[in-house]
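Notes follow the structure.
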Amino acid sequence: MDRITKAARLMIVSDLDHTMVDHHDPENMSLLRFNALWEANYRHDSLLVFSTGRSPILYKQLRKEKPMLTPDITIMSVGTEITYGDLMLPDDGWVEILNQKWDRNVVTEETSKFPELTLQAETEQRPHKVSFYVDKTKAQVVMKELSDRLKKRGLDVKIIYSGGMDLDILPQGAGKGQALAYLLKKFKNEGIPPVNTLACGDSGNDAELFSIPDVYGVMVSNAQEELLQWHAENAKDNPNVIHAKERCAAGIIEAIGHFKLGSNSSPRDFADFVECKVDHVNPGYEVVKFYLFYERWRRGDTDNCETYISSLKASCDPSAIVVFPSGVEKTLHECMHTLKVHYGDQKGKPFRVWVDRVLSTPIGSSTWLVKFDKWELAGDERCCCVITAKINVKGSGGSDGYTWANVQQKWLEGYEKKDDSTWLF
């Protein structure tokens, strides 16, 4: 979080399952479109927050299954846990708030008296969250009686029903909405409140997100009945909350454009990158563009044209060196020549490339040090390299593009490539 020294231009707070992540999209294209948009346009001056009902264990499992970006902040277990950065450092202040009028042992004791409740997996039971499954037809009656019993025991709790089957019991001060309100207050106290905030969700436990003042909201097109009903009863006249026409991450992109929060043109939506405009010229866009071309070239999704290779060579300093994870060094121009002979070698195969955590630091009047994770999915193998590149600015403020000067790569632990002979960049 040290990188945020001024108000974030945009803070996106998104649920994961069936919102940011579309489990009915085997190619993960809507998610990959969002990834490219975020890293090219927003990562350098905005905040990405994932707000999920998943516990830390299931959240980390999802990250291994889907091409998700690394958020700046993670809200887990239905708003009962807040962590920061890729190290997921906990927010101790939030824990103190949740401890008020909460006794997990009493909750466990009282819920055991309801045969309608089926305890969820142990991984989903957290210090400030007790989770069950309950039949849709019995949910409302159980919630009312359980609420009365816990109140008589001196507890102040919140019972949330979502997904047509999930019932979560939390401290009254918890929940996705309260966690977001806590973060907004924290940023305000530090003098850096986000310029705009967009909340995104699909189910009942996301409703609170849309109740926070001065926050834009999007219910993705595949939103569940319980959320649509809440909207009809509580927010149908609120112009700052919309029901998107697009599913999942595509609906989030749609909302960015609808509310005019910034560019919603993902680099993945353009065959010709010249047509793709960014709000603020930055090295992140150069990185996204380079690796998206690399993916398309390997997949054979672009023309096998010498002009493209010549254009890439023109964006590389003639003396630029690539240091591979093995320690082998090659010039960038040599790598371009190698790339040429790999045209279409992944055609028809599940081959995708995306970048994450693109962070740029100026180290001179016209030079940037750019660090990022480059992910490559080839069949069932998923590999990642941590890359540090020196990029020089061409023209005024990068308006004429950038020149790659040097590139150093090292494997991300646990994601090394078995055969690195085709690891080109």
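Taken to the nearest 0.5 Å, the CG atom of Leu48 stands 4.5 Å off from the CZ atom of Phe50. Distance check, rounded to the nearest 0.5 Å: NE2 of His231 to CG of Leu228 gives 8.5 Å.
Between the side chain of Lys176 and the backbone N or O of Ser51 there is at least one donor-acceptor pair closer than 3.5 Å. Between the side chain of Arg63 and the main chain of Leu69, a donor-acceptor pair closer than 3.5 Å is present.
Considering all non-hydrogen atoms of both residues, Cys335 and Phe425 come closest at CB-CE2, 3.4 Å. A pairwise comparison of heavy atoms in Trp230 and Ser211 identifies CZ2-OG, 3.3 Å as the closest pair.
Ring orientation note: the planes of Trp102 and His128 are tilted relative to one another, at an angle of 30° to 60°. Taking the six-membered ring where the residue is Trp, Phe293 and Trp297 present tilted rings, their angle falling between 30° and 60°.
Checking Leu209, Ile212, Leu184 one by one against Thr197, the side chain to side chain contact (heavy atoms under 4.5 Å, CB included) holds for a single residue, Leu184. Checking Asp17, Thr123, Asp15 one by one against Arg54, the side chain to side chain donor-acceptor pair (under 3.5 Å) holds for a single residue, Asp17.
Side-chain N/O atoms of Thr403 and Asp317 include no donor and acceptor closer than 3.5 Å. Checking Gln409 against Lys374 by side-chain atom types alone, no donor-acceptor pair falls below 3.5 Å.
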Would you please test Glu246 and Arg33 for salt bridge (Lys or Arg N to Asp or Glu O under 4.0 Å) and show each step? CA-CA 13 Å; Glu246 300 284 345; Arg33 286 180 59 223; 5.8 Å; no
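In this structure, Trp404 has its ring center closer than 6.0 angstrom to the ring center of Phe290.
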